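Data first, discussion second: the structure below is written as structure tokens.
All values reported here derive from a predicted model rather than from experimental measurement. Ligands are counted one by one from 1 in listed order, and the atoms in each one are counted from 1 as well.
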Amino acid sequence: MEDQKTPAAPAQGKDFIRTIIDEDQSTGKHAGKVATRFPPEPNGYLHIGHAKSICLNFGVAQEYGGTCNLRFDDTNPLKEDVEYVDSIQADVHWLGFEWAAMYYASDYFERLYSFGETLIRTGKAFVCDLSADDVRAFRGTLTEPGRNSPFRDRSVDESLELFRKMRAGGFEDGSRTLRAKIDMSSPNINLRDPALFRIRKATHHRTGDDWCIYPMYDYAHALSDWIEGITHSLCTLEFEDHRPLYDWCLEALGLENRPRQIEFARLNLTYTILSKRKLLHLVTGGHVRGWDDPRMPTIAGLRRRGFTPEAIRDFCNRIGLAKRDSLVDVALLEHCLREDLNRRAPRFMGVLDPLRVVLTNLPEGVVEELDAVNNPEDPSQGTRKVPFTRVLLIERDDFREVPPPRYHRLSPGQEVRLRWGYLVRCQEVVKDASGTVTEIRCTYDPATRGGDAPEGRKVKGTIHWVSADHARAAEVRLYDRLFVAPEPDVAPEGSDFLSNLNPASLVVSNAARVERAAADAPPGAFFQFERLGYFTVDPDSGPERPVFNRSVSLRDSWAKIEKKTSARR
Ligand code: ATP
Ligand code: MG
């Protein structure tokens with residue numbers, strides 16, 4: 001896998017897919033129409049990789065005044081479920097896209113079946129009685145050609161009768177298949193008489209027990225695309241070797257106005273697993289709390305974590321499209337969220353690990369209302385009042401009894417600025433019997449309201465704080481990467497991706513105290529707690545106990561990477 005640490009520049013010029021569409025438009029192919037589809041299998045929740053495909057398919061349709069369908073590729077009843085169907089619709093909508101029409105491959109089962117009969121009648125398909133093991137043995141290898149099935153030359157009538165009997169439930173699972181008659185010596189194994197239908201006596205989430213034969217992916221996919229009038233069928237690179245079969249299905253049936261399959265590289269992200277099968281394993285194995293656990297790369301997880309559709313779409317634009325697989329740095333995804341929230345998120349103050357500060361020269365009972373700017377990046381968000389009182393809480397980490405060099409926060413005798421407030425100086429440190437600091441006593445300088453230092457007084461540090469009497473208790477969930485390895489699939493002999501799980505991917509703080517307005521925000525609201533990061537209100541929140549997820553910290557490792565690489569250029 002190629003390591004792509006620098007992102008593709010935001011769409012300068014056109015990518016290869018849009019170039020192809022431009023050409024088709026100029027030659028009048030498809031009568032100038034652009035029709036795409038996003039075809040998920042409802043066997044799991046969508047993840048950030050799917051977002052790339054969604055942004056591409058819906059984006060292309062929008063740009064060319066065309067249409068994009070949502071199509072559920074529901075041809076494998078054993079693994080599919082309506083829970084997934086529902087979540088997929090919700091996620092596509094949430095990402096900001098509207099489908100022209102929604103279909104299911106199962107809508108086409110009857111037509112796909114009759115296409116099967118047509119192929120038999122024209123001598124292009126046959127019913128094969130080989131078992132799965134025999135089929136494999138006859139298939140050959142990459143270096144050896146396969147051998148024809150002994151059933152390949154059975155008569156059209158016999159195949160037709162058997163195919164009908166397969167449909168009617170007359171045979172056991174795995175005992176027969178309908179196979180295309182292509183070429184057992186083709187260097188492309190996908191063309192060695194691939195199966196088109198298999199027997200599977202399973203209840204389907206939509207068609208119930210109507211069917212006991214199900215079409216295979218390549219066949220169903222090509223024909224569903226054609227039925228819907230898709231012009232450009234965009235899929236990931238692993239289907240490149242399937243394209244000849246996709247084309248064969250359309251040609252063998254003599255269909256006009258064929259869609260064109262075009263492959264692009266799938267998204268791979270550092271520190272992230274993007275395989276539905278493995279994500280399901282994380283859920284069923286209890287390694288995360290569910291598909292929407294904020295550490296999951298699913299759309300539902302990212303949403304709960306506090307990602308915005310804007311940030312995800314921006315990310316998908318920036319990574320661009322390539323014909324070769326690459327590994328994108330997850331720091332770029334985080335960077336896109338930071339950029340979006342920096343512009344839009346209101347700021348509040350909150351303290352994760354509180355330390356009491358008593359202002360000895362501010363009388364008890366006095367409440368001063370200070371003006372705080374809601375979002376320095378967006379004046380239209382206005383200001384709010386923040387109560388300033390005798391007892392405040394600051395971050396324990398913002399005080400050191402013995403400050404290290406260049407420590408600009410609070411320490412004995414030193415002065416610091418309280419955000420939106422006054423300059424305060426530490427006069428006394430109170431400890432308990434074990435030597436733990438329990439309180440610090442400070443004086444504030446009434447002449448410094450708003451935080452302006454008088455001429456000649458240098459105060460470098462500014463720290464956040466809340467009023468002890470006004471702040472509300474909250475639970476804060478701090479997330480880290482779910483995996484410790486940049487490529488979680490690379491695991492030592494004898495173990496798998498689970499061995500790369502990060503044991504500290506979630507740290508919960510129950511001691512936090514936050515500004516009241518933040519505590520009253522509804523689930524899904526987002527804001528910055530100054531100096532701590534961007535947060536969102538978790539659905540677990542209640543009026544008694546707000547719960548915040550840290551979406552992303554303020555430290556931007558991507559900005560650093562970008563700076564370094566642009567300096568090198
Ligand atoms: P997984 O391998 O995670 O199970 P999938 O490819 O089986 O994913 P589908 O439901 O078949 O999932 O995918 C729907 C569409 O999304 C397909 O066109 C597929 O190519 C695309 N897609 C899936 N994963 C990615 C990815 N990581 N990057 C880009 N596109 C993806
Ligand atoms: Mg798939």
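- Partners of D480 according to the side chain to side chain donor-acceptor pair (under 3.5 Å) rule, which considers only residues two or more places apart in sequence or in another chain, do not exist here.
- For the pair N549 (side chain) and R305 (backbone), a donor-acceptor distance under 3.5 Å is absent.
- Inclusion of E238 in the set of residues having an N or O under 3.5 Å from an N or O of ligand 1 is not warranted.
- Around atom 20 (O) of ligand 1, the closest heavy atom drawn from N43, T236, I54 belongs to T236.
- Within ligand 1, counting atoms from 1 as listed, the ones closer than 4.0 Å to a heavy atom of S275 are 3 (O).
- No N or O atom of F38 sits closer than 3.5 Å to an N or O atom of ligand 1.
- Close approach of ligand 1 to L274 (heavy-atom distance below 4.0 Å) involves ligand atoms 3 (O).
- Atoms of ligand 1 lying under 4.0 Å from any heavy atom of P40, numbered from 1 in the order shown and given with element: 10 (O), 14 (C).
- Stacking of R200 on the aromatic ring of Y214 is not recorded, the 6.0 Å distance cut-off and the 45° axial limit not both being met.
- The aromatic ring centres of H242 and Y246 sit 6.0 Å or more apart.
- Considering K276, K52, H50 only, the shortest heavy-atom separation from atom 1 (P) of ligand 1 involves K276.
- The shell of residues lying under 4.0 angstrom from ligand 1, judged by heavy atoms, excludes R277.
- Here side-chain hydrogen bond (donor to acceptor under 3.5 Å, both in side chains) pairs that include residues 79-90, with residues two or more places apart or in two chains, are Y45-E83.
- For G49, a nitrogen or oxygen atom sits less than 3.5 Å from a nitrogen or oxygen atom of ligand 1, counting backbone and side chain alike.
- Counting only distance, with no hydrogens or angles, the side chain of T272 and the backbone of T270 share a donor-acceptor pair below 3.5 Å.
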Verdict with supporting geometry, D107 and R71, salt bridge (Lys or Arg N to Asp or Glu O under 4.0 Å): CA-CA 10 Å; D107 294 337; R71 182 199 317 138; over 6 Å; no

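- Evaluated by nearest non-hydrogen atom to atom 6 (O) of ligand 1, the leading choice among H221, R266, E41 is R266.
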